[in-house]
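Report on the following structure.
In each ligand, atom 1 is the first atom listed, and ligand 1 is the first ligand listed. Numbering of residues begins at 1 and proceeds along the displayed sequence.
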Amino acid sequence: MIVLGIEGTAWNLSASLVEENGVIHEVSSPYLPQTGGIHPRDAAQHFSNNIGYVIRELLSKIELHEIRAIAFSQGPGLGPCLRIVATAARALSLRLKVPLIGVNHCIAHIEIERWKTNLTDPVVLYISGANSQVLSYRAGRYRILGETLDIGIGNAIDKFARSVGLQHPGGPKVERLAQKSNNYIAMPYVVKGMDFSFSGIMTAAKEALSHESLEDVCYSFQETAFAMLVEVTERALSQTGKSEALLAGGVGVNKRIQEMLQMMCEERGAQFFAPRPEYMTDNGTMIAYTGMIMLKSGIETPIGLSGVNPGFRPDEVEVNWITE
Ligand code: AMP
Ligand code: MG
């Protein structure tokens, strides 16, 4: 069974062909803004300019009749980007006469990692640009146990980085600067129950720069924000009684958050896993793979219900491919 999947929620236009045993081929065309952050219209223009090439490249790797379904990222994400991808997916589905499958991007992040690791029932810390959530499966859905009350951790770091003149995406640059310091400056630590917030720390970090070095501010930003995320992940492990923690999303590439989660899990006797970076950041393979397991469990998206959903929450999806 071969499924073609297309990801395109924000910055990475990426399409992939997946079969049960692995990935056949992935083609990506990432959008990198020269100045500022991700502008939805510019990103969508980039997607529109490159989707033809991406799909043609992919289709040259197999015979068209081998494709059993077309999966696409239906949300959450930037509306203009999602619409380009959905339009291409609908056209392919109609042309090849195969089912269409709308995939929730957050769930795809989780499923590809369950595929690539041996974890079966983890608590997931999903941290990317726009999203920051702690999730776990229970009774037919991925439940959101905790989440950001304002912006995602990636956006907070990227916005701070832009304010000091670092080019988007700021995450990797802030990580490198943070590695040069171990001088901690107090920053607002905001955890409310199982939820957290990052806008205060972003403002405090910008203000601290008037009297502290950039390296110290980057270090303190990361230490504070990551400690908040690890605290909530630990409480989620405790409250669910689960013993596996999984890190997902682009910010998960950061070595310091991996180290902090590893320490927390060791202290609790839990298993921790962070997959390879290419499966943590947005990629077409995660959409194709999730489309495949959805198709196998009988899920298809009729064209009439294939509209994009920029605010698509993972707990809206009935997860009938996991049996308890
Ligand atoms: P995603 O949308 O899941 O691909 O994640 C994108 C986000 O990951 C952006 O906000 C990046 O700045 C962030 N990111 C990528 N690499 C790192 C890193 N090494 N440390 C922190 N954030 C990162
Ligand atoms: Mg993502």
Subject >> Heteroatom distance test (Thr281, ligand 1): nitrogen or oxygen, under 3.5 angstrom >> reply: no
Subject >> N/O separation below 3.5 Å, Val253 to ligand 1 >> reply: no
**OP:** Looking only at protein heavy atoms, identify the closest one to atom 13 (C) of ligand 1 and say how far it is in Å.
**Re:** Val251 CG2, 3.8 Å
**OP:** Please examine the side chains of Val174 and Phe221, heavy atoms only from C-beta on, and report whether any two atoms are closer than 4.5 Å.
**Re:** no
Subject >> Closest to atom 19 (N) of ligand 1 (judged by heavy-atom distance), picking from His105, Glu175, Glu7 >> reply: Glu175
Subject >> Under-2.8 Å protein N/O/S neighbours of the Mg ion (ligand 2), ordered by chain then residue number >> reply: His105 NE2, His109 NE2, Asp282 OD1
**OP:** Look only at the side chain of Asp315 and the backbone of Tyr142, and say whether a donor-acceptor pair between them is shorter than 3.5 Å.
**Re:** no
Original post:
In ligand 1, which numbered atoms sit nearer than 4.0 Å to a non-hydrogen atom of Pro169?
Top reply: 11 (C), 12 (O)
Original post:
When you measure from the side chain of Asp158 to the backbone N and O of Gly170, does any donor-acceptor pair fall under 3.5 Å?
Top reply: yes
Subject >> Protein heavy atom at shortest distance from atom 20 (N) of ligand 1 >> reply: Asn254 ND2, 3.0 Å
**OP:** Report yes or no: does a heavy atom of Ala10 sit under 4.0 Å from some atom of ligand 1?
**Re:** no
Original post:
For the side chain of Ser29 and the backbone of Leu13, is there at least one donor-acceptor N/O pair under 3.5 Å apart?
Top reply: no
Validation: residues 51-66 side-chain donor-acceptor distances under 3.5 Å, sequence neighbours left out:
unit_1: Ser60; atom_1: OG; unit_2: Glu57; atom_2: O; d: 2.6
unit_1: Glu66; atom_1: OE1; unit_2: Glu63; atom_2: N; d: 2.7

Original post:
Does an N or O anywhere in Gly250 fall below 3.5 Å from an N or O of ligand 1?
Top reply: yes
Going by atom type alone, with no hydrogens or angles, which donor-acceptor pairs under 3.5 Å involve a side-chain atom of residues 81-92 and a protein atom two or more places apart or on another chain?
unit_1: Thr87; atom_1: OG1; unit_2: Arg83; atom_2: O; d: 2.6
unit_1: Arg90; atom_1: NE; unit_2: Ser306; atom_2: OG; d: 2.7
unit_1: Arg90; atom_1: NH2; unit_2: Ser306; atom_2: O; d: 3.0

Original post:
If you group Ile, Leu, Val, Met, Phe, Trp and Tyr by side-chain heavy-atom gaps below 4.5 Å, do Val217 and Phe198 land in one group?
Top reply: yes
Original post:
Below 3.5 angstrom, do we get any N/O pair linking Asp158 and ligand 1?
Top reply: yes
**OP:** Pick, from Ala225, Ala248, Gly171, the option with the minimum heavy-atom distance to atom 18 (C) of ligand 1.
**Re:** Gly171
Original post:
Under the salt bridge (Lys or Arg N to Asp or Glu O under 4.0 Å) test, which residues partner Glu20, sequence neighbours left out?
Top reply: Lys296
**OP:** May I ask you to decide if Gly193's main-chain N or O and Arg235's side chain share a donor-acceptor pair within less than 3.5 Å?
**Re:** yes
Subject >> Residues Glu175 and Arg256 bridged, charged N to O under 4.0 Å >> reply: no
**OP:** Around atom 6 (C) of ligand 1, find the nearest protein heavy atom and jot down its residue, atom name and distance.
**Re:** Gly129 N, 3.9 Å
Original post:
Quick one: which ligand 1 atoms are inside 4.0 Å of a heavy atom on Gly154?
Top reply: 10 (O)
Original post:
Just going by heavy-atom distances, which of Ile38, Ile257, Asp282, Asn283 is nearest to atom 1 (P) of ligand 1?
Top reply: Asp282
**OP:** Under the side-chain hydrogen bond (donor to acceptor under 3.5 Å, both in side chains) rule, what do Ser181 and Asp216 come out as? Steps first, then yes or no, please.
**Re:** CA-CA 5 Å; Ser181 164; Asp216 289 351; 2.7 Å; yes
Original post:
Knowing that exactly one of Leu145, Leu246, Ile110, Ile144 qualifies, which makes a side-chain contact (heavy atoms from CB on, under 4.5 Å) with Ser136?
Top reply: Leu145
